[in-house]
Amino acid sequence: MTAVIAILVDSYRELIAKKLFWFVLAISLLIVVSFGSIGFNDKGVSVGYGIYTIENEVLKEGSPLIKPFMDFAFASVIVTMWLAWGAIILALISTAEVFPNFLAGGAIDLVLSKPVRRTTVFFSKYLGSLLFVLMQVGIFCVGVLLVMRWRVGEWRWAILLAIPVLVLVFSYLYSIMVLFNILTRSTLPSLVLTLFAWLSLFTLHTTDGILLTQFRIRAEVDRDAYAKRIDWYEQRIEQAAQEGDNDAVNRYRIRLDSDEASLAEAQRRVDKWTPISQAANLATLLLPKTSSTTNIVQRQLQSSGGMNASSLMDALRGDKPEPPPPAEIYENDSKMEMYQRRDREIMRRAEEYENSRPAWMIIGTSLLFEGAVLAVACFIFVRRDN
Amino acid sequence: MNTTAASESSKGWCIDLHDVSKTYRGKIRALQGITMQVAPGEVFGLLGPNGAGKSTLVKIMMTVIRPTKAEGRILGQPVGSKDALRRVGYLPEHHRFPSYLTGEQALHFYGALSGVGRRDRKRRAGALLERVGMNDWRKTKIASYSKGMMQRVGLAQALMNDPALVVLDEPTDGVDPVGRKEIRDLLAQLRAEGRTVFLNSHLLSEVEMVCNRVAILLQGRVVMQGTIEELTRDSRRFEIEYAGPEIDWLAECEGAKSRATADGARHVISLPGKDAQAAQPIIDRLRANQAVIHRCQMCVESLEDLFIRSVRDPATGRSYLPGAARNGGRS
Ligand SMILES: Nc1ncnc2c1ncn2[C@@H]1O[C@H](COP(=O)(O)OP(=O)(O)O)[C@@H](O)[C@H]1O
Ligand SMILES: [Mg+2]
């Protein structure tokens with residue numbers, strides 16, 4: 001235990017001795033200060049601590065939308081853009097040389113000669129590097145928590161969830177870097193390879209997402225929409241036939257026929273894309289899921305009294321949150337309205353799908369991957385012999 | 001050798017190695033069956049040219065690398081076990097401390113890795129930095145230390161766990177002459193404190209000054225081992241240097257040899273053994289022949305002479321090339 005603590009303390013000293021650490025902290029504080037500058041008065045949103053006011057009908061002092069708006073600004077803008085990308089890249093750069101320096105000739109010999117097991121040394125050093133993100137995100141989130149208390153008037157404890165979540169996301173990537181560190185024993189190649197691996201993961205998950213939403217879900221939405229319309233036309237035809245309105249019967253029948261062809265076509269697309277999407281999903285199943293893990297923060301904020309992004313956007317635009325009733329659309333056969341409805345439905349189902357995957361599964365499968373990578377790295381470290 | 005016999009014979013030795021071999025990747029046979037004993041409380045010097053395998057042997061003892069084959073014990077524990085290391089202090093060659101630490105923090109860090117509790121670390125770090133003359137630099141980052149200062153802090157580090165055995169790999173490397181003297185004094189103090197010191201060095205005069213016993217390593221084999229006295233015993237002789245013609249009755253004196261000095265002006269007679277009595281009749285006869293005696297002296301081979309002699313290939317008369325044996329090396 002003494003040894004583990006010593007290695008952690010040593011890591012802490014190593015990290016704060018880096019200029020980059022203070023640079024990242026400075027950016028974080030700047031962002032917290034900017035975030036805190038967003039206020040609400042009786043005319044709308046004030047920015048720059050009251051210097052300028054953006055007039056808004058809906059979003060102003062006392063509006064119930066303030067909380068979801070600030071949640072959104074934090075979870076969708078700050079977390080995804082700063083913490084999950086900028087801060088993590090800077091953290092990877094800062095920690096890229098930790099293991100190479102530690103393994104360098106003349107440095108590692110003394111450590112290996114101590115009465116501490118090599119696995120203990122390895123994992124302590126690994127955990128030590130996670131301190132970088134823990135400290136950075138910790139300080140940042142406490143800052144945001146205070147801003148929220150001030151601007152929203154509520155302690156949004158769910159914000160603190162970003163701390164473990166971002167440490168997790170970083171740890172997926174850092175484990176990959178440590179493996180490269182141990183294989184190459186150098187800093188820059190490891191960093192480049194890690195960023196490349198991250199990009200590859202991102203591409204894979206994006207492809208998986210596009211296959212799911214733009215092909216599979218889109219086909220399903222089309223199919224369901226045509227099926228509904230066909231139902232509606234059938235009712236109409238029956239009704240018109242009863243009323244003896246042959247014109248109407250014919251008009252509806254033409255539409256019905258065309259819709260039946262479209263339904264068959266949509267069903268073919270569903271049959272084609274479902275297995276492909278499932279295969280892509282399976283392929284990414286055991287890979288670390290950085291974006292989905294980051295998303296957990298947003299999910300948690302939503303489920304603790306927030307609003308999802310699309311409803312917030314609707315509310316802010318002042319749009320009618322309710323789309324026009326289907327009958328109207330079907331009757332007018334307005335393509336415009338139909339596409340809008342379709343895109344909204346795709347987004348809703350994609351969101352529903354994402355939220356249907358439990359957090360423990362996203363984290364669990366990612367950790368499984370991380371564990372395997374670390375096991376390989378640790379094995380090589382323990383076996384090292386010169 | 002069966003294990004009971006091995007542990008039986010280990011009793012009493014601080015380091016007791018049998019048949020330690022190491023072949024690096026690429027078939028570099030750095031060690032080829034080392035057998036070596038170090039008694040408790042002595043300062044033991046391991047000598048050898050560059051690449052002889054000294055550091056390799058030390059790294060095996062310190063579990064930094066794995067031996068290809070090894071039997072033996074260190075402080076009663078089998079080689080390779082971490083347990084004994086609690087009571088061993090180690091200064092690796094070319095060691096580098098993390099530059100972001102101060103001297104004091106480095107001592108704390110390595111002390112903690114050795115399992116020393118916080119209070120002991122605090123007490124010892126101060127005392128040891130004082131002892132190696134680095135007290136004024138305790139709060140300074142190691143990044144600004146010179147090589148010699150690093151070496152001093154390294155030595156202090158090796159003593160943080162109050163070790164029974166101190167293993168030093170080239171401790172005077174990069175240290176100025178004054179610092180070297182201080183390190184030698186420190187080694188003497190360590191011996192006086194009852195610690196065993198295992199010293200790797202290629203600086204022979206240094207080793208000669210502090211070591212009780214030495215082993216000479218050459219291409220991964222021990223070529224000589226013993227006290228300096230034992231190793232140089234055969235080279236002991238009595239020398240008489242005189243001005244005058246070469247004498248013709250030397251054959252009457254058993255073992256005596258004569259040679260001219262480099263400038264040819266004088267001659268030197270040398271008699272084997274350390275008995276000055278045997279030289280007296282020769283001196284008498286030289287004096288009777290009006291020879292002028294310039295010097296009468298007991299002579300003994302220095303460690304350097306011994307070393308040079310042992311690293312020379314008897315067949316060719318040339319020194320062995322540095323480095324480990326390749327493809328079997330000398331047989
Ligand atoms: N990691 C290594 N891989 C391969 N060969 C090595 C390694 N370390 C040392 N050697 C070789 O082993 C031999 C002994 O090296 P070393 O123990 O460092 O010698 P010394 O300390 O006596 O100068 C040398 O020939 C060296 O080149
Ligand atoms: Mg060496």
Side-chain angles (χ1 to χ4, degrees), chain A residues 1-22 94-125 127-129 131-132 183 185 187 379-386, chain B residues 22-26 28 30 55-56 58-68 77 81-102 105-118 120-121 141-143 150 154 157-158 160-161 167 169:
Chain A
M1 205 53 210
T2 316
V4 175
I5 292 170
I7 292 175
L8 291 179
V9 170
D10 178 65
S11 298
Y12 163 77
R13 288 187 173 136
E14 178 173 13
L15 295 173
I16 63 165
K18 290 178 195 297
K19 287 202 183 71
L20 204 50
F21 179 88
W22 300 101
S94 309
T95 52
E97 59 177 13
V98 168
F99 264 81
N101 283 348
F102 185 64
L103 297 175
I108 190 68
D109 286 8
L110 198 48
V111 174
L112 294 183
S113 78
K114 299 296 177 187
V116 186
R117 282 175 32 219
R118 287 190 186 191
T119 29
T120 310
V121 171
F122 176 85
F123 283 105
S124 310
K125 196 68 194 167
L127 289 180
S129 292
L131 285 178
F132 188 96
L183 289 173
R185 292 197 195 172
T187 306
F379 180 76
I380 300 172
F381 174 77
V382 169
R383 301 269 315 160
R384 63 168 282 136
D385 198 22
N386 52 38
Chain B
K22 172 72 189 178
T23 305
Y24 281 110
R25 247 174 287 158
I28 298 167
S55 298
T56 303
V58 163
K59 285 180 189 174
I60 287 173
M61 293 198 293
M62 303 309 301
T63 71
V64 175
I65 58 177
R66 256 180 297 274
T68 309
Q77 306 276 346
S81 93
K82 288 267 181 206
D83 255 8
L85 297 177
R86 276 180 199 288
R87 294 165 56 222
V88 180
Y90 173 45
L91 175 67
E93 70 176 340
H94 317 308
H95 77 278
R96 267 205 339 236
F97 288 152
S99 53
Y100 49 83
L101 296 180
T102 67
Q105 289 170 340
L107 291 198
H108 270 272
F109 176 56
Y110 293 108
L113 289 185
S114 292
V116 180
R118 195 181 164 72
D120 283 341
R121 290 206 299 269
K141 288 248 159 73
I142 285 174
M150 284 277 278
Q157 170 279 134
M160 273 301 278
N161 56 341
V167 177
D169 199 345

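Values below: all heavy atoms of this structure, side chains included; hydrogens, waters and symmetry mates excluded.
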Of the backbone (N, CA, C, O) and the side chain (C-beta and beyond), which part of [X] lies under 4.5 Å from a heavy atom of chain A, both, or neither?
| X | result |
| --- | --- |
| B:H95 | both |
| B:L113 | both |
| B:Y90 | both |
| B:V116 | backbone |
| B:R121 | side chain |

> Looking only at atom types and distance, does a side-chain atom of B:T68 sit under 3.5 Å from a main-chain N or O of B:T23, one as donor and one as acceptor?
Replying inline: yes

> Do side-chain atoms of A:E14 reach the backbone of A:S11 as a donor and acceptor pair under 3.5 angstrom?
Replying inline: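 Not at all, since once roles are kept as given, no pair shorter than 3.5 Å links the two residues.
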
> Which one of B:F109, B:Y110, B:Y100 has the most heavy-atom pairs closer than 4.5 Å to chain A?
Replying inline: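 Option with the greatest count: B:Y100.
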
> Which residue out of B:E93, B:Q105, B:M61 racks up the most heavy-atom pairs below 4.5 Å with chain A?
Replying inline: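 Going by pairs under 4.5 Å, I would pick B:Q105.
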
> What residues form a side chain to side chain contact (heavy atoms under 4.5 Å, CB included) with B:K82, not counting sequence neighbours?
Replying inline: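 Only B:T63, B:L85 meet the side chain to side chain contact (heavy atoms under 4.5 Å, CB included) criterion with B:K82.
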
Of the backbone (N, CA, C, O) and the side chain (C-beta and beyond), which part of [X] lies under 4.5 Å from a heavy atom of chain B, both, or neither?
| X | answer |
| --- | --- |
| A:A17 | side chain |
| A:I16 | neither |
| A:R118 | side chain |

> What are the two closest non-hydrogen atoms of B:M150 and B:F97, and how far apart are they?
Replying inline: CE-N, 3.6 Å

> Under the side chain to side chain donor-acceptor pair (under 3.5 Å) test, which residues partner B:K22, sequence neighbours left out?
Replying inline: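 A:D385.
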
> Does the gap between the ring centers of A:F102 and A:F122 come in under 6.0 Å?
Replying inline: no

